Amino acid sequence: MQNNTCCFIGHRTIDETEKLKFQLNSIIEMLIVKNHVKTFLFGSRSRFNDLCYETVSALMRNYPFIKRVYVRAEYPVIDENYKRYLLKDYVETYYPDKIRGAQSAVYVERNYEMIRKSKYCVFYFKNEENSKSHKSGTKTALNYAFNQKKQIIILS
């Protein structure tokens with residue numbers, strides 16, 4: 001999966017500007033056309049994730065071969081009704097075995113899973129130096145992606 005896969009990770013809230021939307025659209029289209037990315041991994045709980053989902057969905061009109069995969073951090077076991085509901089928007093959904101028992105670190109571990117499965121990682125990251133007491137899950141994931149030697153694109 002890794003060579004043709006991209007994940008998205010970012011802060012829960014973003015400065016959603018037309019410039020950001022344009023940059024994101026251009027980056028995703030470049031990944032599809034020049035880098036042959038076919039699979040996009042999505043998590044949840046951030047506006048950046050939602051914006052990436054909207055952008056990939058719009059690009060599917062021109063590139064119907066691309067697929068959206070939802071990597072769950074909640075509900076290790078889902079019933080058929082919920083699965084059908086998710087599969088209306090995604091071609092696949094799964095809960096990574098490695099995150100079972102992660103408790104409060106479940107979202108961190110889910111992000112690590114998405115990074116491991118991807119060649120390309122698109123981040124929305126704003127370095128909030130004034131907030132030293134706040135530990136950023138996005139920064140933790142970004143550091144992990146650097147350590148894993150992924151191809152990283154950072155938007156802010």
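Quick note: residue numbers are just sequence positions, from 1. No experiment lies behind these values; they were computed from the predicted model shown.
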Please check if any side-chain donor atom of Y85 sits under 3.5 Å from a side-chain acceptor atom of E80, or the reverse. no

Pairs satisfying salt bridge (Lys or Arg N to Asp or Glu O under 4.0 Å), at least one member in residues 7-20, at least two apart: D15-K126, E16-K21, E16-R47, E18-K21

If you compare all heavy atoms of I115 against all heavy atoms of K150, which two are closest, and at what distance to 0.1 Å? O-CE, 3.1 Å

Between atom CG of N4 and atom CD1 of I32, what is the distance when rounded to the nearest 0.5 Å? 11.5 Å

Exam field: side chain N111 to backbone A141, donor-acceptor pair closer than 3.5 Å: no

Over all heavy atoms of both residues, which pair between C52 and I28 is shortest? Give the atoms and the distance, please. O-CD1, 4.4 Å

Single hit among N49, L51, L20 for side chain to side chain contact (heavy atoms under 4.5 Å, CB included) with Y124: L20

Please name the pair of heavy atoms, one in V69 and one in Y90, separated by the smallest distance, quoted to 0.1 Å. C-CD2, 3.8 Å

Determine whether M30 and I152 fall in the same hydrophobic cluster, where Ile, Leu, Val, Met, Phe, Trp and Tyr are linked whenever their side-chain heavy atoms lie under 4.5 Å apart. no

To check you understand the geometry: which heavy-atom pair defines the closest contact between V37 and T39, and what is its length? CG1-O, 3.6 Å

Classify the ring geometry of Y144 against Y112: parallel below 30°, tilted from 30° to 60°, perpendicular beyond 60°. parallel

In Å, rounded to the nearest 0.5 Å, how long is the span from CZ of R116 to SG of C121? 11.5 Å

Same cluster (ILVMFWY, side-chain, under 4.5 Å), L155 and I9: no

First locate atom OG of S136, then atom NE2 of H11, and finally report the distance between them rounded to the nearest 0.5 Å. 5.0 Å

Would you say I78 ends up clustered with L41 if hydrophobic residues are merged whenever their side chains have heavy atoms under 4.5 Å apart, either directly or through other cluster members? no

How long is the gap from CD on E109 to OG on S104, to the nearest 0.5 Å? 10.0 Å

Test item: side-chain donor near acceptor, Y95 and R100, under 3.5 Å: no

Check for me, please, whether L24 and F123 land in the same ILVMFWY cluster - side-chain distances under 4.5 Å, paths through other members count. no

Gap between atom CG of L86 and atom CG of N81 - 0.5 Å precision: 11.0 Å

Group every Ile, Leu, Val, Met, Phe, Trp and Tyr by side-chain heavy-atom contacts under 4.5 Å, then state whether F125 and V108 land in the same group. yes

Taking R72 for the side chain and P76 for the main chain, is one N or O donor matched with an acceptor at less than 3.5 Å? yes

Verdict with supporting geometry, E92 and K83, salt bridge (charged side-chain N to carboxylate O under 4.0 Å, His left out): CA-CA 9 Å; E92 179 185 341; K83 186 174 184 177; over 6 Å; no

May I ask you to check whether over 12 heavy atoms, not counting those of F65, lie within 6.0 Å of atom CZ? yes

In Å, rounded to the nearest 0.5 Å, how long is the span from NZ of K38 to OG1 of T5? 10.5 Å

Heavy-atom pair of closest approach, residues F8 and M114: O-CE, 3.5 Å

Under the side-chain contact (heavy atoms from CB on, under 4.5 Å) rule, collect the residues that match up with N25, sequence neighbours excluded. E29, T55, L59

Evaluate whether atom OH of Y75 has more than 12 neighbouring non-hydrogen atoms of other residues, nucleotides or ligands under 6.0 angstrom away. no

Is there a donor-acceptor pair closer than 3.5 Å between any side-chain N or O of R110 and the backbone N or O of G43? no

Start with the C-alpha distance between C7 and K117, add both sets of side-chain angles, then the distance that settles side chain to side chain contact (heavy atoms under 4.5 Å, CB included), and finish with yes or no. CA-CA 8 Å; C7 67; K117 298 270 185 179; over 6 Å; no

State, yes or no, whether a side-chain contact exists between C6 and K119 at a heavy-atom distance under 4.5 Å. no

Go through I99 and Y107 one step at a time and tell me if the side chain to side chain contact (heavy atoms under 4.5 Å, CB included) criterion holds. CA-CA 9 Å; I99 71 172; Y107 292 99; over 6 Å; no

Classify the ring geometry of Y53 against F42: parallel below 30°, tilted from 30° to 60°, perpendicular beyond 60°. perpendicular

Under a 3.5 Å cutoff, is there a donor and acceptor pairing between the side chains of N35 and Y120? yes

